[in-house]
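Below: the structure, in C-alpha cells.
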Amino acid sequence: MRLYRDFQSKGNRPANMTAQAEAHPRVTILGVPIDPVTFDQMLDRIATWIAAGDRLHQICTVSPEFVMIAQDNPEFMCVLRTADLCVADGVGLLFAARYLGHRLPERVTGSDGTPLIAQRAAREGWSLFLLGAGPGVAERAADRLIRQNPGLRVVGTWAGSPAPEEEEEIVARVNAAGADILLVAYGAPRQDLWIARNRDRLDVSVAIGVGGSLDFVAGVVPRAPRWMRRLALEWLFRLMRQPWRWRRMLRLPRFVWAVLRHRERAIAQEGEPS
Ligand code: UDP
C-alpha cells in the first residue's frame, strides 16, 4: 500500500507552488520527484520566477544517476524533494516513468537546456552568471553563448570550487554581478547541494545545476553525435571518451534493477497499478 502511494506521491513541493505547477502533478521515481515539463515549460517557469523576483528558485536536472545517489545520500534526497523544479535529464527516467504508469513528455537535459536558456535570456533581457567547470571554461562558454545570441548579458563567470571555504567569496561575486540566473557546473550532487546551502543568501531568481554543460558549450568536451543521442546512447559515447566514468555508470543498471523491484513489490502489495 505504502509503496503504491509512493508512485502517486508528488514529492514535497514548496508551499508556494504555482497553479501552473499544480496542473502538472509530479511523478515520483524511487522517492525522487520529477516534473513532467518540456523545455518550453521550464523556460516559462523561469520567466515567471524572474518576473516575481521574490527569492531563489532551484532547478535540478535529474538523471538516473541522481536518483541512485539520492538513495544513499539523505541530504541530496532532501534537496531534490524541496527543489522548485526537477526536470528529467535522462531517457532512463522516461522509461521508468512509463513502466510505473506515468508519463514524462520529454528529456530536459542541462546540456540542451543551457543554450536554450541563453537564447531565451537574450530575447528577454535576462542576465546570466556561469559558475564552475575547469579554469577558463566558463569564460569560453560565455564567449560562445554571446556570439550565438547577440545581446545576451553574461554578467559574470567564475570557476571556483564547491569547497565550503570558498563559498563566502563566490556568493559575494555572484551577488555583486546582479544576475537573474545562476548556472552552476560542479557536477552532482555537489552543485545542487551548493545551491541549496546558499539559497537564502544568493541574490538571483533562478539557480540551476548544469553538470558538464559548460564543457560542451565551450567545446572542451565533445557531445555525442545526434544519432547516438537519438538512440539514447549518449552514456556510451561519454564512456568511450572518458573511461574513468565506468564506476559511476554502474549506477545505471542499479537504477533499472531498483525500478523493476519497486514495481514488483507494489504489485505484490496492491495489485497491478492502473
Ligand atoms: N567540476 C568543478 N569543480 C569540481 C568538480 C567538478 O568545476 O570540484 C566541474 C567539471 O569541470 C565539469 C562539471 O563540474 O565541468 C561536472 O561534470 P560532470 O561531467 O562530472 O557532470 P555530469 O554532467 O556528469 O553531471
Side-chain angles (χ1 to χ4, degrees), residues 32 34 58-73 76-77 79-80 83 86-93 107-118 128-145 154 156-167 169-171 173-174 182-198 207-224 228-229 232-255:
V32 175
I34 315 285
Q58 180 166 9
I59 302 178
C60 297
T61 56
V62 179
S63 67
E65 206 182 332
F66 278 51
V67 174
M68 294 320 288
I69 296 171
Q71 305 305 304
D72 305 321
N73 182 336
F76 188 43
M77 178 65 93
V79 167
L80 296 175
C86 286
V87 296
D89 183 345
V91 72
L93 292 175
R107 270 184 84 189
V108 181
T109 62
S111 312
D112 293 314
T114 298
L116 289 174
I117 289 172
L128 308 185
F129 192 109
L130 310 186
L131 175 65
V137 173
E139 287 84 340
R140 280 174 69 174
D143 286 347
R144 284 206 174 180
L145 290 173
V154 179
T157 59
W158 188 248
S161 94
E165 56 273 22
E166 288 192 32
E167 256 170 51
E169 188 201 342
I170 295 176
V171 169
R173 274 180 188 278
V174 173
L182 172 65
L183 284 78
V184 185
Y186 285 143
R190 277 177 288 201
Q191 59 194 17
D192 309 280
L193 295 173
W194 190 94
I195 293 170
R197 270 201 312 275
N198 294 292
I208 173 168
V210 292
S213 305
L214 300 187
D215 294 335
F216 295 135
V217 173
V220 297
V221 174
R223 266 200 95 178
M228 286 189 97
R229 280 186 260 157
L233 290 176
E234 193 158 14
W235 63 272
L236 180 61
F237 182 81
R238 293 188 90 177
L239 183 61
M240 288 180 329
R241 303 280 316 188
Q242 300 168 318
W244 49 265
R245 284 182 178 273
W246 72 270
R247 194 182 287 276
R248 283 174 50 173
M249 286 191 175
L250 289 179
R251 293 198 182 103
L252 296 176
R254 280 183 51 218
F255 172 77

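One-based numbering, in listed order, for ligands and for the atoms of each. Below, each value reflects all heavy atoms present in this structure, side chains not excepted, and no hydrogens, waters or symmetry copies.
Here the heavy atom of the protein found nearest to atom 25 (O) of ligand 1 is Gly211 CA, 3.8 Å. The single protein non-hydrogen atom nearest to atom 3 (N) of ligand 1 is Tyr186 CD2, 3.6 Å, given as residue, atom name and distance. In terms of protein heavy-atom proximity, atom 24 (O) of ligand 1 is closest to Arg248 NH2, 2.8 Å. Atom 23 (O) of ligand 1 has as its closest protein heavy atom Gly212 N, 2.9 Å. Here the heavy atom of the protein found nearest to atom 7 (O) of ligand 1 is Ala133 N, 3.0 Å.
Considering Leu214, Thr157, Leu182 in turn, Leu182 is the only one that fulfils the side chain to side chain contact (heavy atoms under 4.5 Å, CB included) rule with Leu131. Partner of Cys60 under the side chain to side chain contact (heavy atoms under 4.5 Å, CB included) criterion, chosen from Leu80, Asp89, Ile195: Leu80. Partner of Ile208 under the side chain to side chain contact (heavy atoms under 4.5 Å, CB included) criterion, chosen from Thr114, Asp192, Val184, Ile117: Ile117.
Listed by number with element, the atoms of ligand 1 under 4.0 Å from a non-hydrogen atom of Gly134 are 11 (O). Using a 4.0 Å cut-off to heavy atoms of Asp215, the atoms of ligand 1 that qualify are 12 (C), 15 (O).
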Any chance you could lay out the side-chain contact (heavy atoms from CB on, under 4.5 Å) test for Asp112 and Arg223, step after step, and finish with the verdict?
CA-CA 10 Å; Asp112 293 314; Arg223 266 200 95 178; 2.6 Å; yes

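At a heavy-atom cutoff of 4.0 Å, ligand 1 is contacted by the side chain of Pro162 but not by its backbone.
Relative orientation of the Trp194 and Tyr186 rings is perpendicular, given thresholds of 30° and 60° on the angle between their planes.
Between the Gln71 side chain and the Val67 main chain, a donor and an acceptor come within less than 3.5 Å of each other.
A salt bridge links Asp72 to Arg254: at least one charged side-chain nitrogen sits closer than 4.0 Å to a carboxylate oxygen. A salt bridge links Arg107 with Glu234: the distance from a Lys NZ or Arg NE/NH1/NH2 to an Asp or Glu carboxylate oxygen falls below 4.0 Å.
The N/O atoms of Ala185, backbone and side chain alike, include one that comes under 3.5 Å of an N/O atom in ligand 1. Considering backbone and side-chain N/O atoms, Glu65 never comes within less than 3.5 Å of an N/O atom of ligand 1.
With Gln191, Gln242, Arg190, Arg245 as candidates, the residue nearest to atom 19 (O) of ligand 1 on a non-hydrogen basis is Arg245.
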